[in-house]
2 protein chains.
Amino acid sequence: MENRDELDRCDCTVIHKHVVNAVKRKMPPEEDLYDLAELFKVFGDSTRIRILWALSESEMCVCDIAVLLNMTQSAISHQLRVLKQAKLVKNRRDGKVVFYSLDDDHVKHIFEEGLVHINE
Amino acid sequence: MENRDELDRCDCTVIHKHVVNAVKRKMPPEEDLYDLAELFKVFGDSTRIRILWALSESEMCVCDIAVLLNMTQSAISHQLRVLKQAKLVKNRRDGKVVFYSLDDDHVKHIFEEGLVHINE
DNA sequence: TTGTCATATGAGCAATTATTCATACGACTA
DNA sequence: TAGTCGTATGAATAATTGCTCATATGACAA
């Protein structure tokens, strides 16, 4: 037990001051960790995960995805919007049909790391 | 444009039947993708992300984390519970103090893949 | 035992969010 | 031009969730 200090609105007492200070010094900018959480939040929904998985197999249009996942076109379209804003998917238009595909290979890598943990 | 079929509660028409069928055949069990989404959901909160980052630097007790992040002990404790259920952190008791640390190295890997995407 | 400190937890509230419904947009076709 | 098909989107709703507050538990000290 080392020094103790009261801080801000925390209801705690610092127990290991040097540890807290050492970690605090290395802490990345608040914003970076926030962005990281936002990215994972996009992966944190089973509908979006299934869409991403499907697109990792093949480029697909909105209707096909809706049929594949047995969901409405509207629901899929809303989620594709979220995925596109996160730059996880891109799209191209061919007449009336819009085809979606993964934006890059990071997505697959993140998937794979996740699966490693699941199957530990 | 190939065959078309109406299916279940979907308001869509299959446009590219062979694509849908090919992807459907390769589709992992519903449950696996659900579990994957659940895992990412745990990463999808900035408080938990910051806790995980802190623990990737050093083992820490609940109070220290609360002070570091300027949050209440209760809030941190609740989140540590979530992280533990997801098997992302483990803990050991030393008298009154409980120390938390990362459960394995998968966590860091998942982090790093996420950062790659952020900094693309 | 009694008191204190570190942590855990249940209930309640506020904020977020995934889906539905209705409708608008945009491109092709008759 | 009018109609149809694929897609996008705003509003509303139901469900989820992170935090707070109050309190409980568990370990040590006096």
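The chains referred to below are lettered A, B, ... by the order of the sequence lines, with proteins before strands, and numbering in each begins at 1.
- Classified by interplanar angle (parallel below 30°, tilted 30° to 60°, perpendicular above 60°), the ring pair B:His117/A:His106 is perpendicular.
- Using a distance-only test at 3.5 Å, with no hydrogens or angles considered, a donor-acceptor pair links the side chain of B:Ser56 to the main chain of B:Trp53.
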Taking protein heavy atoms under 4.0 Å as touching, what does nucleotides 25-30 of chain C look like 5' to 3' if B marks base contact, S marks sugar-phosphate-only contact and - marks none? -BBS--
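- One donor-acceptor pair, N or O on each side, does fall under 3.5 Å between the base of C:dA8 and the side chain of B:Gln73.
- Side chain of B:Val98, nearest nucleotide from D:dT7, C:dT7, C:dA18: C:dT7.
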N/O contacts under 3.5 Å, protein versus nucleotides 10-14 of chain D?
{"unit_1": "D:dG10", "atom_1": "O6", "unit_2": "A:His78", "atom_2": "NE2", "d": "2.9"}

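- At a threshold of 4.5 Å between side-chain heavy atoms, the hydrophobic network of Ile, Leu, Val, Met, Phe, Trp and Tyr places A:Tyr34 and A:Leu39 in two separate groups.
- Using a 4.5 Å heavy-atom cutoff, the side chains of A:Ile51 and A:Tyr100 are not in contact.
- A straight line from CE of A:Met71 to P of D:dA8 spans 15 Å, rounded to a whole angstrom.
- Across all strands shown, A:Lys84 has no heavy atoms under 4.0 Å from either base or sugar-phosphate atoms.
- A close approach under 4.0 Å does not occur between any side-chain nitrogen or oxygen of A:Ser77 and OP1 or OP2 of D:dT7.
- Nucleotides of DNA chain C nearest to A:Val82 and B:Cys61 differ in position, and the one nearer the 5' end is that of B:Cys61.
- Using cut-offs of 30° and 60° on the angle between ring planes, the pair B:Phe99 and A:His16 is tilted.
- For the OP1/OP2 pair of D:dG6 and a distance below 4.0 Å, the side-chain nitrogens and oxygens of A:Tyr100 include no atom meeting the criterion.
- Position along DNA chain C of the nearest nucleotide to A:Lys41 versus B:Asp64 favours B:Asp64 as the more 5'-ward residue.
- At the heavy-atom level, A:Phe99 lies nowhere under 4.0 Å from the strands shown.
- Using modelled atom types, no side-chain atom of B:Asp103 and backbone atom of B:Lys84 make a donor-acceptor pair closer than 3.5 Å.
- Protein atom CG of A:Asp45 is 11 Å distant from nucleotide atom P of C:dT17, rounded to whole Å.
- Using modelled atom types, no side-chain atom of A:Arg48 and backbone atom of B:Ala37 make a donor-acceptor pair closer than 3.5 Å.
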